[in-house]
J.: 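There's a structure below that I have some questions on.
The chains referred to below are lettered A, B, ... by the order of the sequence lines, with proteins before strands, and numbering in each begins at 1. Here the structure is a predicted model, which means the values were calculated and not measured.
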Amino acid sequence: MEPRERMALSPRNGRGRFRLRLAYKLHEITRGGRDMANQKERYEDSRLYRIRHSAAHVMAQAVLELFPEAKYTIGPPIENGFYYDFDLPRPLTPEDLEKIEKRMREIIAGKHDFVKKVVSADEARRIFKDQPYKLELIDGLEQGGYDEYGNPLDEKPEISIYQHDTFVDLCRGPHVSNTAEINPDAIKLMKVAGAYWRGDEKRPMLQRIYGTAWENTQQLEEYLHRLEEAKRRDHRRLGKELDLFSTSEEVGAGLILWHPKGGLVRHLAEEFCKQEHLANGYDFVYTPHIGRSHLWETSGHLKWYQENMYAPMTIDEDKYYIKPMNCPFHIMIYKSKIRSYRDLPMRLAEWGTVYRYERSGVLHGLLRVRGFTQDDAHLFCRPDQMPEEIDRVLNFCLHILRGFGMTEFHAYLSTRDPEKSAGDEERWEQATEALRAALERAGLPYDVDEGGAAFYGPKIDLKMIDALDREWQLSTIQFDFNLPERFDLTYVGEDGQPHRPYMIHRALLGSMERFMGVLIEHYAGAFPVWLAPVQAVLIPIADRHLDYAHKVAEQLRTEGLRVEVDERSERMNSKIRDAEMQKIPYMLIVGDREAEAGKVALRLRSGENPGPMPIAEFIARAKRDIEARV
RNA sequence: GCCGACGUAGCUCAAUCGGCAGAGCACCCGCCUUGUAAGCGGGCGGUUACGGGUUCGAUUCCCGUCGUCGGCUCCA
């Protein structure tokens with residue numbers, strides 16, 4: 001699976017979500033639709049699902065033949081393929097994978113029927129008497145509590161086994177009827193990875209083999225091509241090629257260095273957002289990067305979030321922590337004086353840089369880092385203002401994302417988990433309904449993550465779908481019923497009495513680092529003109545055109561365009577090639593004819609060639625494109 | 001953090017069994033003065049991630065650290 005798919009699929013609340021997402025993604029690919037209804041059934045009923053499930057069994061047979069002492073566990077179909085987890089005597093090598101794949105083709109060619117048989121738990125135990133993982137699964141099935149992924153089951157399932165050739169597996173199916181239905185030229189083993197038994201890091205680490213399977217070779221080729229395409233657009237590769245950012249072993253893992261070009265794109269993105277914030281009733285604040293331990297005790301971070309916080313430093317015998325969040329500081333601004341109901345709503349915004357400890361293995365380019373800047377804001381309002389405030393912030397969020405050309409969203413509404421929730425139930429109810437109503441009014445399709453909210457409040461998460469049909473969470477709008485209590489936030493109402501305000505935490509782009517990563521991939525590095533670090537490059541054909549090129553460049557700069565002159569003593573063709581690879585929107589070729597006529601010959605990075613035009617005409621065109629944010 | 005793979009020039013990658021560390025691109029210099037995706041020649045560039053071990057000799061084999069990649073786990 002590609003990294004972003006992994007991120008997108010990464011479940012918040014256990015395996016059920018994961019499997020639902022798989023079905024969802026497949027549905028998108030085959031139908032192009034985004035309706036979430038009944039998709040689980042659709043994938044599980046599909047021919048591809050049966051092919052992949054059956055390929056997993058065939059693979060398990062091949063692995064068991066290679067390692068007779070192997071213990072096998074589970075092997076479900078997933079998006080784009082399947083996997084199977086094994087407990088093996090030694091690590092698998094790439095050569096093993098080749099051998100296994102070759103043997104799979106032989107087994108398929110044997111045209112074996114898949115035969116289902118329903119058995120009792122005791123029969124199953126006899127069949128799998130040497131397979132401890134299977135025995136554990138059988139126990140789970142017999143008790144009727146959980147399926148093989150650990151999901152609770154409504155009713156006690158029947159226990160069935162499937163056999164083909166020499167291989168028997170505990171399995172509820174479905175499968176194809178004969179191995180001949182698996183196209184041997186449309187399967188491929190992709191990689192080996194470690195995976196904990198039942199996803200529990202305290203349990204044994206198994207070896208997972210990932211494979212892909214399709215109905216025909218063309219589909220397989222298309223899938224492999226999609227993976228190549230994804231690699232080409234990978235923000236880590238483009239970050240290097242376009243000189244946008246880097247990391248350094250010397251500085252430390254998960255800490256980003258923004259280079260001039262990446263820094264400029266980020267600056268432009270931030271400027272746009274800040275202008276919009278000012279135009280939408282936000283006030284900007286600035287707060288420190290560290291705070292005394294007492295603050296974090298009050299906020300509860302030391303109790304609940306400490307494992308993500310860095311060790312404190314001592315200043316004048318006091319402990320100070322680097323901030324993992326901005327909220328306590330904004331709250332202190334709120335608390336700096338007595339607030340009247342007339343002061344509300346207050347919208348305190350800050351591009352706040354936070355540092356969080358992330359386990360080394362999860363760091364990933366710009367998308368998972370240890371230091372990042374949130375476009376953070378905290379909204380404080382009265383109960384009567386709350387519904388409108390939610391409406392406003394959601395629409396503002398959509399406005400901002402659309403400003404970056406991101407037009408497809410998927411929203412998730414996470415609701416209260418009665419087992420763990422702070423604050424009174426009535427407020428939860430009101431808040432959840434306000435969120436729901438705002439989603440409805442905005443006309444956004446959304447999924448409800450029942451019980452998926454954090455203990456302190458319900459929330460909306462907005463995920464963005466990029467050009468490669470992958471989903472990313474950027475925006476979050478969260479109620480917080482915990483911090484106002486902890487910090488005893490109040491405002492004086494019309495009645496002269498203190499009241500508790502609603503507090504809403506929101507980040508629209510999420511973090512600048514992650515957003516930039518998504519943005520780079522969304523445009524495959526070809527930023528719209530308004531964001532492009534270099535908007536136009538002047539390409540003189542011969543050295544004698546340098547003066548004219550510089551003159552034009554100056555003229556364009558006075559119009560506010562970001563322009564460079566390629567002065568190198570290279571062929572024009574070479575300069576064009578380099579400009580295209582740098583994904584510069586406008587190439588302006590100037591030779592004798594242009595210098596003579598006061599024109600520039602425009603070429604676009606798409607290869608399109610509008611040709612010679614007066615300078616004023618080009619300026620008008622560029623300004624039009626910038627205005628339109630294309 | 002866990003499993004596995006990897007780390008050689010700014011970038012992409014070679015280097016047979018343990019035997020003088022290489023190529024292309026980039027960069028610098030020179031020639032060419034160019035019409036819509038790479039002109040030609042020359043030069044510079046290395047503590048082979050870092051530390052230790054084995055060996056006459058280590059990019060190569062072993063151990064540790066750091067980092068990267070793919071997963072898993074985690075994600076207030």
J.: Rounded to the nearest Å, what distance is computed from the CD atom of residue A:Glu570 to the P atom of nucleotide B:C25?
T.: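 Atom CD in A:Glu570 sits about 11 Å away from atom P in B:C25.
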J.: So does A:Lys335 have more than 12 non-hydrogen atoms from other groups sitting under 6.0 Å from NZ?
T.: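 More than 12 within 6.0 Å, yes.
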J.: Distance check needed: B:G10 P versus A:His259 NE2, whole Å only.
T.: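 Nearest whole value for this atom pair: 14 Å.
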J.: Can you say whether a donor on the side chain of A:Glu250 sits under 3.5 Å from an acceptor on the base of B:G67, or the other way round?
T.: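 For A:Glu250, whose side chain was compared with the base of B:G67, there is no donor-acceptor pair (under 3.5 Å).
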J.: Rounded to the nearest 0.5 Å, what separates atom CG in A:Leu509 from atom CZ in A:Arg514?
T.: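 These two atoms lie 12.5 Å from each other.
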J.: Just to be sure I understand the rule, does A:Met325 reach a base, reach only the sugar-phosphate, or reach nothing, if contact means heavy atoms closer than 4.0 Å?
T.: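 If one applies the 4.0 Å heavy-atom cut-off, A:Met325 turns out to touch the sugar-phosphate alone, with no base involved.
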J.: How far does the C1' atom of B:G41 sit from the matching atom of B:U59, given to the nearest Å?
T.: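 That atom pair is separated by 32 Å.
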J.: Identify whether any heavy atom of A:Arg593 sits under 4.0 Å from a base atom; if not, whether one sits that close to sugar-phosphate; answer base, sugar-phosphate or nothing.
T.: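 A:Arg593: base contact, heavy atoms under 4.0 Å.
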J.: Looking at B:C2, I'd like to know if its phosphate oxygens (OP1 or OP2) sit under 4.0 Å from a side-chain N or O belonging to A:Arg203.
T.: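 It does not, given that no N or O in the side chain of A:Arg203 lies less than 4.0 Å from OP1 or OP2 of B:C2.
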J.: For A:Asn609, which contact category applies under a 4.0 Å heavy-atom criterion: base, sugar-phosphate, or nothing?
T.: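 Base contact.
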J.: In the strands shown, is B:A58 matched to any nucleotide by a Watson-Crick or G-U wobble pair with both distances under 3.5 Å, and which?
T.: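 Its partner: none found.
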J.: Where the side chain of A:Tyr196 is concerned, which of B:C2, B:G4, B:A49 is the nearest nucleotide?
T.: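 The answer is B:C2, which lies nearest to the side chain.
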J.: Does the side chain of A:Tyr210 get closer than 4.0 angstrom to OP1 or OP2 of B:G4 through an N or O atom?
T.: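 For A:Tyr210, the contact criterion (side-chain N or O under 4.0 Å from OP1 or OP2 of B:G4) is not met.
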J.: Rounded to whole angstrom, note down the P distance from B:A5 over to B:U65.
T.: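 Their P atoms lie roughly 16 Å apart.
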J.: May I ask you to evaluate whether A:Ser569 reaches the phosphate of B:U33, defined as a side-chain N or O under 4.0 Å from OP1 or OP2?
T.: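 False: A:Ser569 side-chain N/O out of range (4.0 Å or more) of B:U33 OP1/OP2.
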J.: Using the C1' atom as the reference point in each nucleotide, state the distance between B:A9 and B:C27 in Å, no decimals.
T.: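 Here B:A9 and B:C27 have their C1' atoms 12 Å from each other.
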J.: How close or far is atom C1' of B:G1 from atom NZ of A:Lys202, stated in whole angstroms?
T.: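 One finds 12 Å between C1' of B:G1 and NZ of A:Lys202, rounded.
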J.: When you measure from the side-chain N and O atoms of A:Arg236 to the phosphate of B:G70, is any distance below 4.0 Å, counting only OP1 and OP2?
T.: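 Looking at the OP1 and OP2 atoms of B:G70, one of them is under 4.0 Å from a side-chain N or O of A:Arg236.
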J.: Give a yes or no answer on whether the side chain of A:Lys599 reaches the backbone of A:Arg593 with a donor-acceptor pair at less than 3.5 Å.
T.: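 No; zero donor-acceptor contacts below 3.5 Å.
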J.: Could you say whether A:Ala601 or A:Gly252 is positioned toward the 5' end of RNA chain B, judged by the nucleotide with the nearest heavy atom to each?
T.: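 First, find each residue's nearest nucleotide; the 5'-ward one identifies A:Ala601.
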J.: Across all strands shown, which nucleotide pairs with B:G70 by Watson-Crick or G-U wobble geometry, both distances under 3.5 Å?
T.: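 In the structure as shown, B:G70 has B:C3 as its Watson-Crick or wobble partner.
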J.: Specify the separation, in whole Å, of atom CZ of A:Arg568 and atom P of B:C31.
T.: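 Rounded to whole Å, this separation is 18 Å.
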J.: If only atom types and distance count, is the side chain of A:Gln582 paired as donor or acceptor with the main-chain N or O of A:Glu241 below 3.5 Å?
T.: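 Confirmed, A:Gln582 side chain pairs with A:Glu241 backbone.
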J.: The side chain of A:Arg368 lies closest to which of these nucleotides: B:C75, B:U34, B:G1?
T.: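 Minimum distance to the A:Arg368 side chain belongs to B:C75.
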J.: Give a yes/no answer on whether the side chain of A:Lys240 brings an N or O atom under 4.0 Å of OP1 or OP2 in B:U12.
T.: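 Yes.
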J.: State the OG-CD1 distance between A:Ser248 and A:Ile256, to the nearest 0.5 angstrom.
T.: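 Reported to 0.5 Å precision, the distance equals 11.0 Å.
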J.: Would you classify A:Ala579 as touching base, sugar-phosphate or nothing, given that sugar-phosphate means primed atoms plus P, OP1 and OP2, and contacts are heavy atoms under 4.0 Å?
T.: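 No contact at all - A:Ala579 keeps every heavy atom at 4.0 Å or more from the nucleic acid.
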J.: Between A:Arg577 and A:Glu570 (salt bridge meaning N to carboxylate O under 4.0 Å), is one present in this structure?
T.: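 Between A:Glu570 and A:Arg577 there is no salt bridge, as every charged N stays at least 4.0 Å from the carboxylate O atoms.
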J.: Establish, with yes or no, whether the OP1 or OP2 oxygen of B:G35 is under 4.0 angstrom from a side-chain nitrogen or oxygen of A:His545.
T.: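 Answer no for this pair, as no side-chain N or O of A:His545 is under 4.0 Å from OP1 or OP2.
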J.: Side chain of A:Arg603, heavy atoms from C-beta onward: which of B:U36, B:G67, B:U33 has the nearest atom to it?
T.: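 The answer is B:U36, which lies nearest to the side chain.
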J.: Between A:Asp461 and A:Lys463, does a salt bridge (charged side-chain N to carboxylate O under 4.0 Å, His left out) hold up when you go through it step by step?
T.: CA-CA 6 Å; A:Asp461 291 326; A:Lys463 304 189 182 191; 5.9 Å; no
J.: Taking A:Arg506 for the side chain and A:Asp375 for the main chain, is one N or O donor matched with an acceptor at less than 3.5 Å?
T.: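 A pair under 3.5 Å: yes.
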J.: Using the C1' atom in both, what is the distance from B:C32 to B:A15, to the nearest Å?
T.: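 Result for the C1' pair: 36 Å, nearest Å.
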J.: Any side-chain N or O of A:Asn573 less than 4.0 Å from the OP1 or OP2 oxygen of B:U36?
T.: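 Checking A:Asn573 against B:U36: no side-chain N or O falls below 4.0 Å of OP1 or OP2.
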J.: Under 4.0 Å between any heavy atoms, over every strand shown, what does A:Ser360 touch: base, sugar-phosphate, or nothing? Just pick one.
T.: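 Here A:Ser360 touches the bases of the nucleic acid.
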J.: What nucleic acid atoms does A:Gln582 come within less than 4.0 Å of, heavy atoms only: base, sugar-phosphate, or nothing?
T.: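 Contact class for A:Gln582: none.
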J.: With the side chain of A:His364 defined as its heavy atoms from C-beta on, choose the nearest nucleotide among B:C2, B:A37, B:G70.
T.: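 Shortest atom-to-atom distance from the side chain points to B:G70.
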J.: Quiz question: going by heavy-atom distance under 3.5 Å, is there a donor-acceptor pair between the base of B:C32 and the side chain of A:Arg571?
T.: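 Counting by modelled atom types and ignoring angles, a donor-acceptor contact under 3.5 Å is found here.
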J.: Of all the nucleotides listed (B:G1, B:A37, B:G70), which has the minimum atom distance to the side chain of A:Met581?
T.: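 So the side chain of A:Met581 is nearest to B:A37.
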J.: Just the rounded figure in Å: distance from P of B:G24 to CZ of A:Arg577.
T.: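 Roughly 16 Å, once rounded to whole Å.
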J.: Mind checking A:Ala195 for me? I need base, sugar-phosphate or nothing, with any heavy atom below 4.0 Å counting as a touch.
T.: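 Sugar-phosphate contact only.
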J.: Choosing from B:C72, B:U34, B:G4, which nucleotide comes nearest the side chain of A:Pro91?
T.: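 Taking heavy atoms from C-beta onward, the closest nucleotide is B:G4.
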J.: Using atom P of each nucleotide, how far apart are B:A38 and B:C25 to the nearest Å?
T.: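 Those two atoms are separated by 14 Å.
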J.: Which whole-number value in Å describes the distance from A:Lys463 NZ to B:C75 C1'?
T.: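 These atoms are roughly 12 Å apart.
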J.: Heavy atoms under 4.0 Å, any strand shown: does A:Asp592 hit a base, just sugar-phosphate, or nothing?
T.: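 Base, at least one base heavy atom under 4.0 Å.
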J.: Picking from B:G67, B:C74, B:G70, which would you name as closest to the side chain of A:Arg359?
T.: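 Within the option list, the nearest is B:C74.
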J.: Is A:Arg544 near enough to B:U34 that one of its side-chain N or O atoms lies under 4.0 angstrom from OP1 or OP2?
T.: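 Affirmative; the distance criterion is met.
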J.: Provide the distance between the two C1' atoms, one in B:U12 and one in B:G45, to the nearest whole Å.
T.: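 B:U12 and B:G45 have their C1' atoms separated by 16 Å.
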J.: Which one is paired to B:G24, where only Watson-Crick or G-U wobble pairs with both distances under 3.5 angstrom count?
T.: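 B:C11 is the nucleotide pairing with B:G24.
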J.: With rounding to whole Å, what would you report as the distance between B:U16 and B:A21 at their P atoms?
T.: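 Between the two P atoms, the distance is 13 Å.
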J.: What is the distance from atom CG of A:Leu489 to atom CZ of A:Phe380, rounded to the nearest 0.5 Å?
T.: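 Answer for the CG-CZ pair, A:Leu489 versus A:Phe380, is 6.0 Å.
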J.: Going by purine N1 to pyrimidine N3 plus the second Watson-Crick contact, or the G-U wobble pair, all under 3.5 Å, which nucleotide sits opposite B:G51?
T.: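 Paired with B:G51, as far as the under-3.5 Å criterion goes, is B:C63.
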J.: Of A:Gly254 and A:Gly607, whose closest RNA chain B nucleotide lies nearer the 5' terminus?
T.: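 Nearer the 5' end of the strand: A:Gly607.
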J.: How close or far is atom P of B:C2 from atom CZ of A:Arg208, stated in whole angstroms?
T.: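 So the CZ-P distance, A:Arg208 to B:C2, works out to 19 Å.
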J.: Taking atom P in both B:A58 and B:G52, what distance in whole Å separates the two?
T.: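 Going atom to atom, P in each nucleotide, I get 13 Å.
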J.: Centres of the A:Phe86 and A:Tyr84 rings: under 6.0 Å?
T.: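 That pair passes the under 6.0 Å test.
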J.: How many Å lie between NZ on A:Lys231 and P on B:U68, as a whole number?
T.: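 Roughly 19 Å, once rounded to whole Å.
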J.: Determine which nucleotide pairs with B:G41, using a 3.5 Å limit on both distances of a Watson-Crick or G-U wobble pair.
T.: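 Checking every strand shown, B:G41 finds its partner in B:C29, with both distances under 3.5 Å.
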